[in-house]
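Input: a single structure, listed below in C-alpha cells.
Quick note on labels: first sequence line is chain A, next is B, and so on, each numbered from 1.
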Protein chains: 2
Amino acid sequence: MYEDLKYWYLRDHKLFRTLSYSQIKQLCIITGFKKASKGEIIYFSTSDVPRIFLLKKGNIKIVAIDDDGNETIKDIIQKGDLFGELTLESDNKNEEYAKVLSDDVAICSFLMSDFEDLLLRNPTLALSYTKFVGLKMKRIKNSYANLISKDAKTRLYQFLKDWAEKEGIQNGNTIVLDNYLTQSDIAQIICTSRQTATQLLNEMESNNLLSYNRKEIVIPDITKI
Amino acid sequence: MYEDLKYWYLRDHKLFRTLSYSQIKQLCIITGFKKASKGEIIYFSTSDVPRIFLLKKGNIKIVAIDDDGNETIKDIIQKGDLFGELTLESDNKNEEYAKVLSDDVAICSFLMSDFEDLLLRNPTLALSYTKFVGLKMKRIKNSYANLISKDAKTRLYQFLKDWAEKEGIQNGNTIVLDNYLTQSDIAQIICTSRQTATQLLNEMESNNLLSYNRKEIVIPDITKI
DNA sequence: GGCTAATTGTAAATTAGCCGACATTTTCCT
DNA sequence: AGGAAAATGTCGGCTAATTTACAATTAGCC
C-alpha cells in the first residue's frame with residue numbers, strides 16, 4: 001500500500017488531527033487494507049493478532065450469534081468509524097462477523113499493539129482516543145436506555161430521529177435518508193420483530209410521517225417524529 | 001484533607017497502580033470528599049465544574065429522571081468504582097442524581113481538568129484508563145444484550161449470577177449476598193415491573209433456589225441458577 | 001411501644017407485540 | 001428474460017408481562 005494513501009487515510013480521521021504531518025508520516029501503522037461489496041461477510045478471525053479497524057467508505061453491520069443461533073445486530077458502523085476491540089483488550093470467545101450493507105466498502109486495519117505504542121508516545125492522541133471511546137460508550141448507553149421501558153413505536157421514532165441526525169440530508173424540516181437497511185435490520189436494531197417494524201413503518205406512511213422504499217426514506221417533517 | 005489519606009485513596013485503586021509512590025504523592029488531585037448515609041440523595045450540581053468521582057466505600061445507585069418523571073436506574077456503583085463523566089466530556093443537560101444504598105458511603109472527587117492533565121503527563125495511565133472505560137463499556141453492552149430478547153425470568157437469573165460473581169461471599173456452591181437493593185430496585189435493573197420481580201423471587205424461593213430477605217440473599221446452589 | 005411510611009405479597013384485567021403462516025412484491029443472478 | 005431468493009405486507013391467535021388495586025408485613029422514628 002502506498003505511503004501517501006496511508007497518510008491520507010489517517011489524516012482524514014478526526015482522531016489523528018492532533019498529530020503533525022511528519023508524525024503521521026512516521027506512523028505507517030496501517031497493515032491491512034480490504035475492499036468488499038454488498039452482502040459480503042467479513043470474519044474477524046480470532047486466531048489472528050488483535051486489530052483495530054477503520055471504515056473508510058460505506059456501511060457495515062456487526063452481527064453476533066448467540067448460543068441459540070440467533071442473530072443480533074451489535075453495531076452499525078459508518079464511514080469514518082473505528083471499530084473492533086476499542087477496549088484495547090482482546091477477547092477471543094465472541095462469535096462476531098461483519099456484513100457489508102452499502103454497495104461497497106473500504107476498510108483498513110492496524111495492529112492493536114502498534115496502536116498502543118502510538119498512544120504511549122502521543123499523550124494528546126491518547127486523550128483524544130479516550131474521549132472517543134467515552135463518547136461511544138455514552139451513545140451506547142443512550143441507545144440502550146431508549147430500548148428499555150419504551151414501547152416499540154417510541155423506539156422506532158427515536159431510532160429514526162437518531163439516524164436522521166447522524167446521516168440525514170436536511171432541507172428545511174425535510175430529511176432524506178439513504179436507506180441501506182432492510183426492515184428486518186431496523187427491527188433488529190430497535191429490538192422488535194420484523195412484522196411489528198413493518199406494521200409501524202406502514203402506519204407512519206399512512207399518517208404521512210414518512211415515505212419508505214428500499215433506496216431511501218423521506219421524512220417530510222422531522223419535528224413531527 | 002490529609003495528604004496521607006489522599007495517597008492511600010489513590011494508591012488503592014487499580015487504575016493508579018502503574019504510578020510510583022512519588023508520582024501519586026505529587027498528584028493531590030483529590031479536591032472533594034464526602035460522607036453520606038443510607039437513603040441520602042446526592043446531586044451532581046450541573047453548575048459546578050465537571051468532576052470525576054471515586055466511590056471509596058459502600059454502594060450507590062445513579063438514577064435518571066426522564067421527561068415523564070419516570071425514574072430509571074442508570075447504574076449501580078460499587079466500592080472502588082469511578083463514576084461521573086468518564087467520557088471526559090461534560091454534558092449538562094441530564095437530570096441525574098445518586099442515592100445511597102448501603103448504610104454509609106465515602107466518595108472522593110477530583111476535577112476533570114486535573115485528571116486530564118494527569119493523563120497527558122502519564123501516557124501509561126491514559127492507556128490504563130482507556131482500557132478501564134472500555135471494560136466498563138463491554139460490561140454495559142453485555143448486560144444490555146442480556147436485557148433484550150430474553151424474558152424477565154432469564155434476566156433475573158442472569159442478574160443474580162452477575163451479582164453473585166461480583167459481590168457474593170462464596171462457600172462451596174452456596175452464595176451469600178449482602179442485599180442492599182429493594183425488590184423494586186431489582187425490578188428496575190432487570191427492567192420489569194415490581195410485581196413481576198416479586199413474583200419471580202417468590203417462585204424461586206418456593207423452588208428452594210434462594211432465600212430472600214431485606215438483609216441478605218442466600219443462594220444455596222449457584223450452579224442451579 | 002406505637003404510629004407511619006416503605007416494602008413486599010397476591011390476584012384479576014388488559015394489552016403489546018411475538019410468532020406462525022402465508023401472499024405479494026422486488027431484486028438479483030445467469 | 002426468467003427463475004430463485006430476498007424483502008415486504010397482512011392477519012389472527014397466543015402469551016408474557018404490565019397495570020390496577022388492595023392487603024399484609026416490616027422498618028424506622030418519636
Within this structure, what is the [atom1]-to-[atom2] distance between [X] and [N], rounded to whole angstrom?
X: A:Q183; N: D:dG9; atom1: CD; atom2: C1'; answer: 8 Å
X: A:E205; N: D:dG9; atom1: CD; atom2: P; answer: 8 Å
X: B:I217; N: C:dT8; atom1: CD1; atom2: P; answer: 10 Å
X: A:E203; N: D:dT8; atom1: CD; atom2: P; answer: 18 Å
X: A:I190; N: C:dC18; atom1: CD1; atom2: C1'; answer: 13 Å
X: B:K215; N: D:dA27; atom1: NZ; atom2: P; answer: 7 Å
X: B:K38; N: D:dC29; atom1: NZ; atom2: C1'; answer: 15 Å
X: B:K99; N: C:dA6; atom1: NZ; atom2: P; answer: 9 Å

### Query
Where do B:W163 and B:L181 come nearest, in terms of heavy atoms and distance?
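B:W163 and B:L181 have their closest heavy atoms at CH2-CD1, 3.9 Å.
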### Task
May I ask you to check whether B:F53 and B:F110 place their ring centres under 6.0 Å from each other?
no
### Task
Please determine, for the side chain of B:N202, which listed nucleotide (D:dG9, D:dA7, C:dT10) has the closest atom?
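Out of D:dG9, D:dA7, C:dT10, the nucleotide with an atom closest to B:N202's side chain is C:dT10.
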### Sugar-phosphate or base contact per nucleotide [nucleotides 11-25 of chain D; S, B, -; heavy atom under 4.0 Å]
------SBBBB----
### Query
Mind checking who C:dT24 pairs with, Watson-Crick or G-U wobble, both distances under 3.5 Å?
D:dA7
#### Entry: Complementary nucleotide of C:dA5, counting Watson-Crick and G-U pairs under 3.5 Å
D:dT26
#### Entry: B:E40 atom CD, neighbour heavy-atom count above 12 within 6.0 Å
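It does: B:E40 CD has more than 12 such atoms within range.
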#### Entry: Partner of B:Y180 by side-chain contact (heavy atoms from CB on, under 4.5 Å), out of B:N59, B:I60, B:D185, B:V100
B:N59
### Task
Would you confirm whether A:Q183, through its side chain, and A:A197, through its main-chain N or O, come within 3.5 Å as a donor-acceptor pair?
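Checked: no pair found.
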### Query
Under 4.0 Å between a Lys/Arg side-chain N and an Asp/Glu carboxylate O for A:D75 and A:K136?
yes
### Task
Kindly indicate, with the supporting measurements, whether the criterion side chain to side chain donor-acceptor pair (under 3.5 Å) is fulfilled by B:R194 and B:S184.
CA-CA 5 Å; B:R194 202 268 311 159; B:S184 170; over 6 Å; no
